[in-house]
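A short write-up of the structure that comes next.
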Amino acid sequence: NAGVTQTPKFQVLKTGQSMTLQCAQDMNHNSMYWYRQDPGMGLRLIYYSASEGTTDKGEVPNGYNVSRLNKREFSLRLESAAPSQTSVYFCASSLDPGLWTHGYTFGSGTRLTVV
Amino acid sequence: AQRVTQPEKLLSVFKGAPVELKCNYSYSGSPELFWYVQYSRQRLQLLLRHISRESIKGFTADLNKGETSFHLKKPFAQEEDSAMYYCALKGSGGSNYKLTFGKGTLLTVNP
């Protein structure tokens with residue numbers, strides 16, 4: 001049982017390059033999320049998908065786009081990477097908006113550096 | 001707006017000493033609060049939910065609505081407790097599936 005799987009684990013980009021961070025969950029969860037983690041800032045929500053077919057902006061959506069490809073997969077795209085997007089990115093999922101038996105399940109993170 | 005405040009960025013204690021990680025929240029309704037833990041270079045894991053009132057790894061947390069606090073406590077810290085701890089608040093209404101996180105407290109337990 002893999003839980004939430006993120007790829008890649010590490011990535012270095014040059015300013016202006018684009019890339020897509022992949023996230024997949026095998027727990028039949030309905031809701032998925034992308035957070036970024038920065039020192040002294042905690043975790044900030046970038047985008048989320050309450051259910052398959054829906055996506056919404058979080059606190060810090062600028063410079064990012066997302067796709068909820070199907071119930072399992074939720075990708076995060078950086079169209080033109082900037083040094084300010086250097087961060088650790090976490091994907092998470094939850095069973096259902098109203099059910100909080102286990103809260104979120106997190107992926108292991110993607111460490112992104114933009115030079 | 002809902003907000004979670006963890007006033008201490010860093011907390012250092014000695015092994016066997018009591019530890020308390022502070023969390024205060026701002027929320028107009030009935031809150032649901034969580035503690036997450038992140039060990040070095042690992043993914044975040046759920047430690048506690050206030051609803052369950054359970055004790056995990058010796059940690060407990062009590063919701064105090066009067067003081068709008070949800071402090072995490074352990075009577076005798078262990079070296080393996082060294083980690084980053086995040087307090088989180090579940091949203092309400094149209095945001096009832098989102099968690100708002102505090103900025104985290106890095107706990108170091110010294111031998």
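Below, read A as the first sequence line, B as the second, and so on, with proteins coming before strands; counting in each chain starts at 1.
Taking non-hydrogen atoms and a 4.5 Å limit, the residue list of residues 102-111 of chain B in contact with chain A, ordered by number, reads B:Gly102, B:Lys103. Heavy-atom neighbours of chain A within the stretch residues 15-25 of chain B, taken at a separation under 4.5 angstrom, are nonexistent. The interface of residues 106-115 of chain A with chain B, defined by heavy-atom distances below 4.5 Å, comprises A:Phe106, A:Gly107, A:Ser108, A:Arg111. Within residues 72-79 of chain A, no residue has any heavy atom under 4.5 Å from a heavy atom of chain B.
With a 4.5 Å cut-off on side-chain heavy atoms, A:Tyr104 and B:Tyr36 count as touching.
Cluster membership check: A:Trp34 does not share its hydrophobic cluster with A:Leu45, using side-chain heavy-atom separations under 4.5 Å among Ile, Leu, Val, Met, Phe, Trp and Tyr. Cluster membership check: B:Leu44 does not share its hydrophobic cluster with A:Tyr47, using side-chain heavy-atom separations under 4.5 Å among Ile, Leu, Val, Met, Phe, Trp and Tyr. Under the 4.5 Å side-chain heavy-atom criterion for Ile, Leu, Val, Met, Phe, Trp and Tyr, A:Leu69 and A:Val4 are members of distinct hydrophobic clusters. Hydrophobic clustering of Ile, Leu, Val, Met, Phe, Trp and Tyr side chains at less than 4.5 Å, counting indirect connections, keeps B:Tyr86 apart from A:Val60. Criterion: ILVMFWY side-chain heavy atoms under 4.5 Å apart, direct or through other members. Under it, A:Val88 and A:Leu21 are not part of a common hydrophobic cluster.
No more than 12 heavy-atom neighbours from other residues, nucleotides or ligands sit within 6.0 angstrom of CD on B:Glu67. Taking a 6.0 Å sphere around NZ of A:Lys71, one finds it holds more than 12 heavy atoms contributed by other residues, nucleotides or ligands. Crowding of B:Phe14 atom CZ: a count of heavy atoms from other residues, nucleotides or ligands under 6.0 Å not exceeding 12.
With a 4.5 Å cut-off on non-hydrogen atoms, B:Gln45 does not touch chain A at all. Contacts of A:Leu43 with chain B are made by both backbone and side-chain atoms, with heavy-atom separations under 4.5 Å.
A distance-only check finds no donor-acceptor pair linking the side chain of A:Tyr33 to the backbone of B:Leu99 [under 3.5 Å].
Aromatic rings of B:Phe101 and A:Tyr35 (six-membered ring for Trp) have centroids within the 6.0 Å cut-off, being under it.
In terms of heavy-atom pairs under 4.5 angstrom with chain B, the leader among A:Glu59, A:Gln6, A:Gln37 is A:Gln37. Heavy-atom pairs under 4.5 Å with chain A were tallied for B:Gln6, B:Gln38, B:Met84, B:Gln42; the largest tally goes to B:Gln38.
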